[in-house]
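Worksheet: one structure, shown below.
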Amino acid sequence: MPRKSKPAQAMEALHGESVRILIPRESIQKRILEMGKQIRADFPSEHLHLVGVLKGAVFFLSDLARAIPGDISFDMIAVSSYGKNSQSSGQVKLTRDLDSSIEGRIVIVVEDILDTGLTLRYLLRVFEQRKPKQLRVAVLLDKPERRVVSVQADYVGFRIPNEFVVGYGLDYAERYRNLPDVAVLTLEEDGTTQGLGK
Ligand code: IMP
């Protein structure tokens, strides 16, 4: 008989780091189904073009795309902002562009997390110049306390406190993306616990 999975148990943390589950996988999936329905309710019969921001949004894009009934397509874009640190450099650069034009399309930008807002502001400026019919934003996570520029998402999965999170696509130095839950990451140094990304 297969063993029961333990959804509340995070993957083993590495290198003196610890992870504490903030949003379990079941809640993520449930919320994404609601978001998909809400998006389709706002655009009942239109073709929707989703643009996922690599790499963090890869799982969110694939789940959200399947949660929106009807006619959709998707593309991916990549930007560099955080590098290998947990702190934003404030610099945003396009490192992979879209495969196809977004002119005249209803575009939904799909991001993993809205933090300072610098990445999204940059992307919205780039996309607006390309004349989409409408431009909307869906984020799985929103950390409003960290915002340094005024930018908002139209669809938000979860508002979270000012903690550094990993899992479900989000990384720390490219690790933990494959954790199915969203978890708070802390470093344990000399017996003390340090927060990241504040
Ligand atoms: P922003 O430009 O500061 O809004 O940051 C957006 C990007 O920073 C996200 O797409 C993530 O890649 C990264 N990021 C922000 N907060 C976190 C976090 O708590 N964990 C992991 N990555 C984060």
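We're numbering straight along the sequence, starting at 1. First listed ligand is number 1; within each ligand, the first listed atom is number 1.
For V165, heavy-atom contacts with ligand 1 shorter than 4.0 Å involve the backbone as well as the side chain. At a heavy-atom cutoff of 4.0 Å, ligand 1 is contacted by the side chain of E111 but not by its backbone. In D112, the part holding a heavy atom less than 4.0 Å from any atom of ligand 1 is the side chain.
Heavy atoms of G56 stay at 4.0 angstrom or farther from ligand 1. Contact annotation: L120 has no heavy atom less than 4.0 Å from any atom of ligand 1. Heavy atoms of D171 approach ligand 1 to within less than 4.0 angstrom. Residue-ligand proximity: L170 is placed with a non-hydrogen atom under 4.0 Å from ligand 1. Heavy-atom distances between R121 and ligand 1 stay at or above 4.0 Å for every pair.
Residues forming a salt bridge (Lys or Arg N to Asp or Glu O under 4.0 Å) with E34 (at least two apart in sequence, or on another chain): R31.
Within 6.0 Å of the CZ atom in R96, the count of heavy atoms belonging to other residues, nucleotides or ligands exceeds 12. Heavy-atom contacts from other residues, nucleotides or ligands closer than 6.0 Å to CZ of F74 number 12 or fewer.
Annotation: the span from D42 atom CG to D154 atom CG amounts to 8.5 Å, rounded to 0.5 Å. Expressed to the nearest 0.5 Å, how far CG of D181 lies from CD of E26 amounts to 7.0 Å. With values rounded to the nearest 0.5 angstrom, L61 atom CG is found 10.0 Å from I32 atom CD1.
Close contacts between ligand 1 and G117 involve ligand atoms 1 (P), 3 (O), 4 (O) [criterion: under 4.0 Å to a heavy atom]. Those atoms of ligand 1 with a heavy atom of T119 less than 4.0 angstrom away are 1 (P), 2 (O), 5 (O), 6 (C). For ligand 1, the atoms lying closer than 4.0 Å to a non-hydrogen atom of K143 are 16 (N), 17 (C), 18 (C), 19 (O). Numbered from 1 in the order shown, with element, the atoms of ligand 1 that lie under 4.0 Å from a heavy atom of E163 read 19 (O).
Taking every heavy atom of both residues into account, R40 and G70 meet most closely at NH2-C, 3.6 Å. Closest heavy-atom contact between S101 and R105: O-NH1, 3.2 Å.
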